[in-house]
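Here is the structure we will look at, set down as structure tokens.
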2 protein chains.
Amino acid sequence: MSSARLTETSYIVLGLLEQIGPATPYDLKRMAQVSTINFWNVPHTQLYTECARLAQQDLLNEEREETGRRRRIYSLTGLGRRALEDWRSEPTEQLDEVRDVGILKLFFGGDPAKLAGAQLEAHGRQLEACEQLLEQLDANGTDVPRGWRLALEAGMGHEREFVRFWSGLSGVGFDQAAAGSA
Amino acid sequence: MSSARLTETSYIVLGLLEQIGPATPYDLKRMAQVSTINFWNVPHTQLYTECARLAQQDLLNEEREETGRRRRIYSLTGLGRRALEDWRSEPTEQLDEVRDVGILKLFFGGDPAKLAGAQLEAHGRQLEACEQLLEQLDANGTDVPRGWRLALEAGMGHEREFVRFWSGLSGVGFDQAAAGSA
DNA sequence: CCTATCATGTAATCCGTTACATGATTAT
DNA sequence: ATAATCATGTAACGGATTACATGATAGG
């Protein structure tokens with residue numbers, strides 16, 4: 001009913017619910033941890049509030065367990081399903097920024113070599129984690145959605161690009177970094 | 001005085017002020033448009049409020065024009081300069097996500113080929129804009145800070161990676177995208 | 001002189017983060 | 001049983017986006 005705008009977080013909730021069916025916010029959290037977490041993390045508290053918000057707009061159905069914990073269980077309504085489909089089927093030209101604190105420090109005069117050391121370390125670990133996740137996906141065979149794999153590969157591409165970029169700076173001192181093209 | 005935490009936006013303001021000296025928020029906006037804007041945009045209204053906030057913490061000095069518009073002019077205090085230096089000289093292992101709506105749609109089942117079309121278009125334009133900016137930087141020769149160029153090159157690397165990724169999907173229909181490794 | 005656009009700012013709203021808190025479940 | 005960790009949430013706060021609004025400047 002209320003016409004508050006839908007954010008990316010909204011679509012993450014709608015999309016996850018479409019894939020697993022009725023679930024609690026906590027279920028969504030666990031699911032996100034092995035899927036979107038690599039490129040779009042959403043803290044668990046937001047999943048609770050976002051589910052409630054979407055329910056208010058009749059995009060989700062909300063039920064409560066009769067017994068015990070009385071957890072809230074959410075599922076897509078027809079309206080929610082349509083909102084998701086509309087969003088998904090509309091290609092976007094939106095360009096999102098690669099907001100990276102390491103690059104920001106570099107921009108404002110941080111020491112390239114020192115930054116590169118820390119960043120290479122971190123991105124290397126991240127890349128390994130991605131590779132492990134990829135293996136898991138492969139192990140599960142065909143029942144993992146196409147998009148999961150594609151998004152993971154996209155993320156890994158950027159990780160490799162980060163590694164490439166920082167590698168070029170890792171041996172470079174303060175002075176040499178200034179040198180332009182030969 | 002008040003001990004509110006400093007955000008990346010704070011450091012952008014501090015950093016820009018270090019480079020141009022005393023300036024109004026509007027000056028900062030114009031400066032950002034030819035420098036950080038490519039990888040970290042900050043809306044102009046935030047520059048006004050952020051300057052005020054930093055002044056309250058004694059990180060910036062605030063003066064007002066005597067005449068006419070009575071614009072506020074900000075400059076770094078010693079405290080501000082030190083805060084910037086501390087932040088900048090501390091390498092970070094922080095990994096920021098590449099939150100991209102196109103990838104998100106892909107993840108949730110958007111059509112790879114359709115998305116690729118729109119995304120290639122947009123990223124292609126962006127890459128061109130980067131190249132033009134790079135030429136401008138080169139034209140200005142040596143008085144453009146080292147970090148500007150490095151950050152721009154980092155951004156361009158990611159743009160090229162986007163192009164590479166979506167290119168791989170542009171000819172792919174709904175069905176073929178499912179095919180794994182041979 | 002009138003209009004349009006640029007310049008400059010304020011205020012409200014809302015999302016997202018952080019802090020906190022308690023009920024289950026498992027391990028020892 | 002008790003401690004520790006996992007599960008499940010609520011509430012406060014603050015930064016960021018959006019909407020609005022008015023004063024200068026330039027073009028016609």
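To find a chain, count down the sequence lines: A is the first, B the second, and so on, and within it residues start at 1.
A salt bridge does not link B/Glu161 to A/Arg164: none of the charged side-chain nitrogens sits closer than 4.0 Å to a carboxylate oxygen. For A/Arg125 and A/Glu128, the salt-bridge test fails: no basic side-chain N is under 4.0 Å from an acidic carboxylate O.
Taking a 6.0 Å sphere around CD of B/Glu63, one finds it holds 12 or fewer heavy atoms contributed by other residues, nucleotides or ligands.
With hydrogens and angles left out, the side chain of A/Thr45 and the base of C/dT18 share a donor-acceptor pair within 3.5 Å.
Distance B/Arg5 CZ to C/dT17 P: 11 Å, rounded to the nearest Å. One atom, CG of A/Leu47, and another, C1' of D/dT10, lie 15 Å apart when rounded to the nearest Å. When the P atom of D/dG23 is taken as reference, atom CZ of B/Arg72 falls 16 Å away, rounded to whole Å. Regarding B/Glu8, its CD atom lies at a distance of 15 Å from the C1' atom of D/dG14, rounded to whole Å. The separation between A/Arg70 atom CZ and C/dA24 atom P is 13 Å, rounded to whole Å. We find that OH of B/Tyr26 is positioned 15 Å from C1' of D/dT22, with the value rounded to whole Å. C/dG9 atom P lies 8 Å from atom CZ of B/Arg71, rounded to whole Å. Between A/Leu6 atom CG and D/dT17 atom P the separation is 18 Å, expressed in whole Å.
Along DNA chain D, the nucleotide nearest B/Glu50 and the nucleotide nearest B/His44 are compared for position; the residue whose nucleotide lies closer to the 5' end is B/Glu50. Map B/Tyr48 and B/Arg99 each onto its nearest nucleotide of DNA chain C; the residue landing nearer the 5' end is B/Tyr48.
Close to D/dG15, at under 4.0 Å from its OP1 or OP2, lies a side-chain N or O of B/Arg53. Side-chain N/O atoms of A/Thr49 include none lying less than 4.0 angstrom from OP1 or OP2 on C/dC15.
For the residue pair B/Ser167 / B/Ser170, no side-chain donor-acceptor distance below 3.5 Å is found, with atom types taken as modelled.
Listed nucleotides: C/dG16, D/dA16, D/dT8. Nearest to the side chain of B/Gln46: D/dA16.
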Inset, instruction - Apply salt bridge (Lys or Arg N to Asp or Glu O under 4.0 Å) to B/Arg82 and B/Glu85, showing your working. - result: CA-CA 5 Å; B/Arg82 212 163 327 126; B/Glu85 179 54 30; over 6 Å; no

